[in-house]
Structure formats: C-alpha cells, structure tokens
Amino acid sequence: MEPKDREPHADGRKKMRYGELPLEAKCTRCKGTATIRMPSHHANFCPPCFLRYFQTAVQRAMKTLGIQEPGPLMVAVSGGKDSLALWAILNELGYETRGLHLNLGIDGFSHSSEEAVRAFARERQLPLSIHSLKETFGYTLPEIKGRTRRKICGVCGFLKRQFMNRLTVREGFRYLALGHNLDDEAGRLLGNIVRHRTQYFAKQYPLLPSRHEKVPTRLKPLYRLEAHEIVTFCRLASIKPCEDPCPLSGGATSHVFKEALDFLEAKMPGTKRDFLFSYVDRRPPPPAHPDFGTCRRCGEAAYETICSVCSLLERLEKSKKNSQES
Ligand code: AMP
Ligand code: ZN
C-alpha cells in the first residue's frame with residue numbers, strides 16, 4: 001500500500017512514491033544516473049548498482065543463516081515473482097539448483113503458473129521437476145475444498161509444505177529454498193505477535209534445520225529483500241512471472257498485517273526492515289533436535305502415530321465413501 005495523499009512535507013518538498021525519482025538523481029553508489037528509488041535505504045540506485053545490492057542481500061542472508069556451502073539446493077518455484085527471482089539469483093551466485101513445482105489443479109491458475117515455471121527453466125536451461133497434487137495425493141485442491149470445512153488456504157499451505165519436503169528428499173536433496181520475502185516474513189511476525197502465538201516464535205526464522213531424515217533443511221534466502229525490490233529485479237532480469245491471483249485465496253488474512261506494515265513504512269521508511277531484522281538477527285536459528293516420529297501408514301515424518309497428510313487423506317476417503325453411499 002502506498003500513501004494516497006501527496007501533500008507536501010513541512011519544508012515544501014513533495015512526498016515521493018517508490019520508483020519515482022527527483023530529476024537528475026544520482027546513484028548513491030557510483031554517482032551515475034539513478035533510476036531506482038529505495039526509500040527504506042535512503043538511497044537511489046542505477047540498474048547495475050541495484051543488481052549488485054540485490055546479490056549482496058542474498059549473499060548476506062546465506063552468510064547470516066550459516067550456509068556458505070550448502071551443496072545442491074532444491075528451489076520451490078510457484079511461478080510467481082518471488083520464487084522465479086530466487087531461482088535466478090541463486091543460479092547467478094553459482095549455486096547448483098533444481099526447480100520443484102507442485103501443480104495444485106486449480107483451473108486456469110495452475111496452468112498459467114506451471115507455464116511460467118516451464119518457460120523460465122527452458123530459457124535458462126535449468127533442471128526442473130514438476131509434480132501434481134492429484135497424482136501425488138489423489139485430489140486436486142478444489143476437490144479437497146469441496147470435502148473439508150477447514151479454511152482452504154491453511155490446508156493448501158500445509159499440503160505444499162509436506163509435499164515439497166517429501167519430494168525434495170525423494171530427489172536426493174537436503175536443502176529446500178523458498179521464495180518468502182521481507183514483507184512476507186515481517187507480516188507473519190506481526191500476525192504472530194498480535195495473536196500472541198508464542199508456539200510459532202521459534203519457527204519465525206528464515207532457516208529451519210532438518211529434524212528428521214525425511215525432512216530437508218528449509219531456507220528463505222530472500223528474507224532481506226522487500227517485495228518492490230523483487231519486482232524491480234524481475235523487470236531488470238527479464239523474468240516473466242505468472243501474475244494471476246489465486247482464485248481460492250479470498251479469505252486469507254495475512255495481507256492485512258502486510259498492509260499495516262506498509263502503512264508504517266510509508267510514514268517512516270525503513271520500519272519494516274528494522275522490525276524484522278531486530279527480531280531475526282538477534283536470535284539463534286531454531287535447534288535441530290529431532291521432534292518427529294514416523295507415520296505408521298506412509299513412513300514419513302509425523303508428530304503423532306499417523307502423519308497429518310495421511311490423517312487428511314483418511315478424512316477425505318471417508319467423505320468420498322459417504323457421498324457415494326448416499
Ligand atoms: P506462498 O505460500 O504461496 O506464499 O509461497 C511461498 C513460497 O512457497 C513460494 O515463494 C515458493 O518458493 C513456494 N511455493 C508456493 N507454491 C508453490 C508451488 N505450487 N510449487 C512450488 N513451490 C511453491
Ligand atoms: Zn503418513
């Protein structure tokens with residue numbers, strides 16, 4: 001969200017929005033012509049200096065997360081701007097990567113998302129694994145929505161997390177990189193604080209170490225980059241993400257917390273970064289001690305005797321049987 005008003009500051013200067021530049025602005029780094037405004041850094045950049053800034057932010061994230069030489073990385077790519085930017089930058093930085101896409105079977109949206117991922121991989125000749133929820137789990141997301149009373153965004157998030165973990169390990173990778181950015185992480189932190197969800201505080205970290213042989217270490221290398229910076233990177237790197245909104249995501253509330261932070265950011269540039277980094281950078285990563293058992297039905301990691309995927313599957317099978325009988 002950007003400020004709607006454009007009233008002048010007390011000293012008569014006009015407020016400026018992201019992307020707008022004063023005439024003849026100079027790049028804060030090289031003093032060349034700047035075209036990119038970065039209010040949260042009190043800086044303006046030319047495209048090459050912006051790209052260097054972007055690379056450095058990802059390198060710094062990897063260093064902070066303690067993963068200098070992580071070995072091959074599986075990259076979860078939804079087809080949106082964040083995960084395609086993530087795949088591009090990790091590749092530029094020399095990491096060995098493979099893309100992983102899960103097609104959720106949502107009419108139109110899933111097709112466009114998969115196409116964006118395929119086109120990106122084809123153009124850059126990067127290896128890619130595509131799986132579908134229907135083949136892997138037996139149901140598409142709309143089919144699940146019709147058979148459960150739970151909020152579909154929550155079910156979708158949990159299924160994506162479970163299947164991306166499983167598929168990553170099955171393909172022989174120990175690390176899974178995800179495209180969550182600074183806005184996502186700061187919004188989640190605010191939501192957890194407002195609702196005092198202390199049980200999630202430990203997991204509010206851009207790296208979650210593996211706690212079971214069937215679960216990879218999950219990392220978020222874009223956590224130091226804001227959404228608008230990722231949009232700029234995609235434009236400069238000629239990345240064409242799928243921009244369709246998910247037609248099932250109507251009830252999600254996560255964007256409200258992000259909007260609240262955008263409001264603060266517009267009034268006080270840099271607030272969003274301060275909020276997230278003052279929390280994350282002072283904490284150690286969550287411990288890697290194993291807290292999982294093994295599911296007696298499928299052999300995957302489980303908190304109970306049966307894993308959350310199998311327990312959802314059992315409920316869906318029961319619902320299917322009931323509707324066939326009636
Ligand atoms: P979301 O949960 O939709 O905000 O997505 C967060 C991150 O999860 C994305 O940046 C991707 O890295 C990954 N992701 C989301 N959806 C998919 C998908 N269908 N296939 C592969 N990765 C995904
Ligand atoms: Zn199971």
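For ligands, and for the atoms within them, numbers begin at 1 and follow the listed sequence. Everything quoted here is computed from the prediction, not taken from an experiment.
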Problem - Single-linkage hydrophobic cluster, 4.5 Å side-chain cutoff, Tyr200 and Leu219 together - result: no
Exercise for the section: Enter the distance from Ile144:CD1 to Arg315:CZ here, rounded to the nearest 0.5 Å. Expected result: 11.0 Å
Exercise for the section: Starting from atom 8 (O) of ligand 1, find the nearest protein heavy-atom neighbour and note its residue, name and distance. Expected result: Leu178 CD2, 3.9 Å
Problem - Per-atom contacts, ligand 1 versus Ser83 - under 4.0 Å to a heavy atom - result: 10 (O), 11 (C), 12 (O)
Problem - Protein contact to atom 20 (N) of ligand 1 [nearest heavy atom, distance to 0.1 Å] - result: Leu102 N, 3.0 Å
Problem - Nearest-neighbour protein heavy atom for atom 7 (C) of ligand 1, which is reported as residue plus atom name and distance - result: His180 NE2, 3.7 Å
Exercise for the section: Among Lys81, Arg273, Lys272, find the residue that satisfies the salt bridge (charged side-chain N to carboxylate O under 4.0 Å, His left out) test when tested with Asp183. Expected result: Lys272
Fill in the blank from the handout: Closest heavy-atom approach to atom 2 (O) of ligand 1 among Lys160, Arg218, Met74 is made by Lys160
Fill in the blank from the handout: With rounding to 10 degrees, Cys295 SG, the Zn ion (ligand 2) and Cys298 SG define an angle of 110°
Handout entry: From CZ (Phe50) to OG1 (Thr232), nearest 0.5 Å
Key = 4.5 Å
Problem - Proximal atoms of ligand 1 relative to His101 (non-hydrogen, under 4.0 Å) - result: 20 (N), 21 (C)
Handout entry: Exceeds 12 heavy-atom contacts within 6.0 angstrom, atom NE2 of His196
Key = no
Handout entry: Check: Asp82 N/O within less than 3.5 Å of ligand 1 N/O
Key = no
Problem - atom 4 (O) of ligand 1 touched by protein heavy atom at under 4.0 Å - result: no
Practice task
Between Asn103 and ligand 1, find which residue part has any heavy-atom pair under 4.0 Å and reply side chain, backbone, both or neither.
Solution key: neither
Practice task
Give the intermediate values and the outcome of salt bridge (charged side-chain N to carboxylate O under 4.0 Å, His left out) for residues Glu229 and Arg224.
Solution key: CA-CA 10 Å; Glu229 295 169 348; Arg224 306 191 73 87; over 6 Å; no
Handout entry: Rounded to 10 degrees, the angle SG of Cys310 makes with SG of Cys307 at the Zn ion (ligand 2)
Key = 110°
Handout entry: Shortest non-hydrogen contact from Val77 toward Gly99
Key = CG2-CA, 4.1 Å
Problem - Closest to atom 10 (O) of ligand 1 among Gly79, Ser78, Ser132, Gly179 (heavy-atom distance) - result: Gly179
Fill in the blank from the handout: Closest to atom 22 (N) of ligand 1 among protein heavy atoms sits Met164 SD, 3.2 Å
Practice task
Please say whether more than 12 non-hydrogen atoms of neighbouring residues, nucleotides or ligands are located less than 6.0 Å from CG in Asp107.
Solution key: no
Practice task
Return the minimal non-hydrogen interatomic distance between Leu100 and His131, and the atom names on each side.
Solution key: CD1-CD2, 3.6 Å
Handout entry: Nearest non-hydrogen protein atom, atom 13 (C) of ligand 1
Key = Ala76 CB, 3.8 Å
Practice task
Examine the proximity of ligand 1 to Leu100 and report which part, side chain or backbone, both or neither, has a heavy atom under 4.0 Å away.
Solution key: backbone
Practice task
Verify the neighbour count for atom NZ of Lys320: are there more than 12 heavy atoms of other residues, nucleotides or ligands below 6.0 Å?
Solution key: no
